[in-house]
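First up is the structure itself, then whatever we jot down about it.
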Amino acid sequence: MSHRTGLEVSHAAAEAVKLAHVDVVAAYPITPNTHVPERIAEMVANGELDAEFIPVESEHSAMSACVGSSATGARTFTATSGQGLELMHEVLTVASSMRLPIVLSLANRALSSPLSVWGDHSDVMAIRDCGWIQVFAENGQQTFDLLLWAFRVGEDPRVSFPVIVNFDGFHVTHVIEPVFIADQEEVDRYLPPFKPNAVLDPRRPVTMGAYGPPFIYSETKKAQDFALHKSKEVMLQGFAEFEKIFGRKYNFVETYKAEGAKVLLMVIGSFAETAMDLVDKLREKGEAVGLVRIRLWRPFPQEELRQAVRGAETLIVLDRAMCFGTLAPVVSEIKAALYPEEKRPKIVSFVGGLGGRDIRLEEFEYMVRRGSELAQKGQEEIYETIGIR
Amino acid sequence: MEKFSIYAPRLINPEENIAPGHRACIGCGEVLAVRYALKAMGPNVIAANATGCMEIISSCLPTTSWKIPWIHVLFENASAVISGVEAARKALTRKGKVPPGRVYCLAMGGDGATSDIGLQSLSGALERGHDFTYICFDNEAYMNTGVQRSSSTPYGASTTTAPPGKVSIGQWSQKKNMAAIAAAHNIPYVATACSSYPFDLMAKVKKAAEVKGPAYVHVLSVCPTGWRHGTDTTIQMGRLAVESGVFPLYEVENGKYKLTFDFPKLRPVKPYLKLQGRFRHLKDEEIEKIQKQVDKEWLKLKSLVAMSMEKKPVAVPAAIESKGQGAGSKGQKAKSKAKKAKPARRPGKKPKKVSRRGKK
Amino acid sequence: MADGPLTWKNFIGGFVVDKPGNAAEYQTGGWRSQKPVWDNTKCIKCGVCYIYCPEPCIRQTAEGYFESDLFYCKGCGICARECWTNAIKMVQEEEV
Ligand SMILES: Cc1ncc(C[n+]2csc(CCOP(=O)(O)OP(=O)(O)O)c2C)c(N)n1
Ligand code: SF4
Ligand SMILES: [Mg+2]
């Protein structure tokens, strides 16, 4: 049986990596992810984890080493944040095109400049289209669980894609929380050994990373996109099996007190926890307000999202990143997903929680009030930045 | 010229691990060097290749020229990729997931991939001590993208980004000494080789592969397209580069320099330069300048070789030998302590390391 | 790539090529304007032409002489220049 213990979430992430019997970890320190690789290095140094830890000289090399390792058939993990992810960017697209199921825990961090080590979603939003499966964890337990799920789903031969597990920098990474740490036996039941189709091995030589001239490049991208969409079936199986063994339930889009809600808040990441408190408060007052949390970010669960918001009159979407010169990333995704609907809710966009700024309960309440007002006036095209001076 | 027995070509490993049908230019010395390197490595190898000529000419989907397991990821990261391969092999072997035994790990890239954009990842991999061989196939420019300058382009050469003009002679900087940079990592084996000296090249690559830990081989790879000479003179051009001292062949084994071919008198550089279009614009005084630079570098190399052969023991105080690796003021302290520590040594006994050095 | 037509459905995951050396199906001989011709009376069967061939497309015949596989030979002329005994001549394609 799993046991419940209080520990820093970064260390819970390291526990998941250890229980997954990872073979190779290549990582470079950057706040606020640093505690994950540090803890893993310690486990390796103490012989608690039989793995190779490569203390690379940059994140570009971290991801490159992960590509080499995964292509050789090893279960491979890395962790990063903010600037580190951006430095990896070039290699991320290669990892997904080569279908290498590397798992990356991303402690979400703002992007320079000005330099900020604190949390928001600018880092992941800048690489959202790089072909990786991307999920969001909102707390320590979810981080632990989704990392195990990431190995299982990513390595499934029907999927074979790398996975990013997002968890908010500081707001989640550095918090000490009670987490159910699974037993080795349970994890082994959930996570079969990694058996890739093709690996770098002199016994059966293959070429990986051949180049694609115009007569064949489009076909490679079509194949890749099709496979990513199709992997959703296996992801759901991964959740179902997880629930069976560990008793915790996950879905692509999760709702909280959304039944019959006229106004729906929509949040991605750890701020969902504050939003839940607000929903509790407003529901107690008899207001028809609910919450939708986006768990799976790529491939984007368009159909599941449409179902989750059906019947609502107003959607209030919070983004923790900007897309300079156009709509914020989550709201633009939502608008695109709902466009084919005959009866669409009004959609109001808020941006907040940038560079580690907190969003308090009162501010969530303001969003609901102000959002409803804008929607009523038909002024929902305007977006507001929460708490801006 | 390399002195091999006239029938030696028939004795080499007949296996070809890069297949014909590749798209290298006519008379390409770089692909020839790759061919030799693969012969030396044999089939028991995994290779990571940087973006560049050798990658593009060999791997057009859905085909490959490679008969060994081969991966291309990006331009600047072959060393990091091979670090991952090597670590994975280590872990998988230890856990019994692959059969035991050593598989050679090979990373290769052009001079751009090595001495410019990939220098950081190479330095990282050398410093961490991965068990791999890095081969730089140096054709002295970014040839794949159309002959742009690199830091390995020699002084005076014409390239598309350092063209000669009214106020420029072309490449204004001296060729970066990559082998010395590799050697500065204190790795067990560094060598230079050339596509015109197949037996030497193969012997060095074999040595590099067999050494435990990182090894670096820098191969001058003649490129008729970028150097602008006849496709049939590829071998001749490499020979002239070596025999004129423009590109000396040597090894650095555990820090000791050894010349592969010592010439009592170097050929002049002029005939070498005159045969190539990339140097055609050079006037005599510039050629003279290049000659002086080559002579200077040759002497520098000879003195490194002489120092490596030095019989005289170098006295190293005992305390420094045992602990004195600290930097800055700590190191200074160690030194002053060392002086005091001297009398503590048992009389009549030389410090171990010193006597061993003396014997060699 | 799996056997069959070049469609998006026919890739091996990650666009892996699992047929080592299959680029050998590509003909490079068409690039050639000159081809090497051996005078076997001069050939001492040393194989220097074979060792310096960048393709490589020079092979030894049953009698121990050497010949170039014209499917691949790009006509660089290295073999002719390097031959110890000048046994190889480069001749214009159309002359023969
Ligand atoms: C990040 C990045 N920058 C630039 C390029 C373009 N590029 C591809 S190969 C190359 C030059 C390769 O030169 P070198 O490493 O010397 O190899 P060669 O082609 O000369 O054998 C360049 C500039 C690239 N592929 N990736
Ligand atoms: S450009 Fe030079 S190195 Fe590149 S394939 Fe052509 S001859 Fe070889
Ligand atoms: Mg080059």
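Computed from a prediction, not measured in an experiment: that's the story for all the values here. Residue numbering restarts at 1 for every chain, and letters A, B, ... go by the order of the sequence lines.
The residue among B:S83, B:A47, B:S58, B:G84 with the most heavy atom pairs within less than 4.5 Å of chain A is B:G84. The most heavy-atom pairs under 4.5 Å with chain A, out of B:V73, B:N44, B:T51, come from B:V73. Each of B:S123, B:G124, B:A87 has some count of heavy-atom pairs under 4.5 Å with chain A, and the biggest count is that of B:A87. Across B:S65, B:S59, B:A88, the residue that shares the most heavy-atom pairs under 4.5 angstrom with chain A is B:S59. Options A:R203, A:M98, A:E90 differ in how many heavy-atom pairs under 4.5 Å they form with chain B, and the most are formed by A:E90. Heavy-atom pairs under 4.5 Å with chain A were tallied for B:T63, B:V98, B:I56, B:I82; the largest tally goes to B:I56.
When side chains are defined from C-beta on, B:P69 counts as touching A:P205, because their heavy atoms get closer than 4.5 Å. In this structure, the side chains of B:L74 and A:H60 come closer than 4.5 Å at one or more pairs of heavy atoms. Side-chain atoms of B:R128 and A:E57, non-hydrogen and from C-beta on, do get closer than 4.5 Å to each other. When side chains are defined from C-beta on, A:Y211 counts as touching B:E55, because their heavy atoms get closer than 4.5 Å. At a threshold of 4.5 Å between non-hydrogen side-chain atoms, the residues A:L200 and B:R89 do not count as touching.
Judged purely by atom type and a 3.5 angstrom limit, B:H72 uses its side chain to pair as donor or acceptor with the backbone of A:G209.
When all heavy atoms are compared, the tightest approach of B:P62 to A:F215 is CD-CZ, 4.3 Å. Closest heavy-atom contact between B:P43 and A:P202: O-CB, 3.7 Å. Looking at every heavy atom in both residues, B:Q120 comes nearest to A:S58 through NE2-CB, 3.1 Å.
Residue B:A48: no heavy atom, backbone or side chain, is found under 4.5 Å from chain A. With a 4.5 Å cut-off on non-hydrogen atoms, A:V25 does not touch chain B at all. For B:E76, the part lying under 4.5 angstrom from a heavy atom of chain A is the side chain only. Of the atoms belonging to A:P193, not a single heavy atom falls under 4.5 Å from chain B. For A:A71, the part sitting under 4.5 Å from any heavy atom of chain B is the side chain, from C-beta outward, and nothing else. Interface residue B:I68: only backbone heavy atoms are found under 4.5 Å from chain A. If you measure heavy-atom distances from B:V45 to chain A, the contacts under 4.5 Å come from the backbone alone. Proximity to chain B is limited to the side chain of A:T220, based on heavy atoms less than 4.5 angstrom apart. For A:V206, the part sitting under 4.5 Å from any heavy atom of chain B is the backbone (N, CA, C, O) and nothing else.
Interatomic distance, CH2 of B:W66 versus OG1 of A:T207, reported as 8.5 Å (0.5 Å rounding). To the nearest 0.5 Å, the span separating CE on A:M208 from CD1 on B:I46 amounts to 9.5 Å.
Within 6.0 Å of CZ in A:R204 there are 12 or fewer heavy atoms belonging to other residues, nucleotides or ligands. The environment of NZ in A:K230 is sparse: at most 12 heavy-atom neighbours from other residues, nucleotides or ligands sit within 6.0 Å.
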**Request:** Give the C-alpha distance, both sets of side-chain angles, the deciding distance and a yes or no for side chain to side chain contact (heavy atoms under 4.5 Å, CB included) between B:I71 and A:V67.
**Result:** CA-CA 10 Å; B:I71 184 171; A:V67 165; 4.2 Å; yes
**Request:** Report the C-alpha distance between B:K95 and A:D50 in whole Å, list the side-chain angles of each, state the deciding distance to 0.1 Å, and finish with yes or no for salt bridge (charged side-chain N to carboxylate O under 4.0 Å, His left out).
**Result:** CA-CA 8 Å; B:K95 295 179 182 190; A:D50 185 6; 5.0 Å; no
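Considering A:V24, A:V199, A:D23, A:D201 in turn, A:D23 is the only one that fulfils the side-chain contact (heavy atoms from CB on, under 4.5 Å) rule with B:L92.
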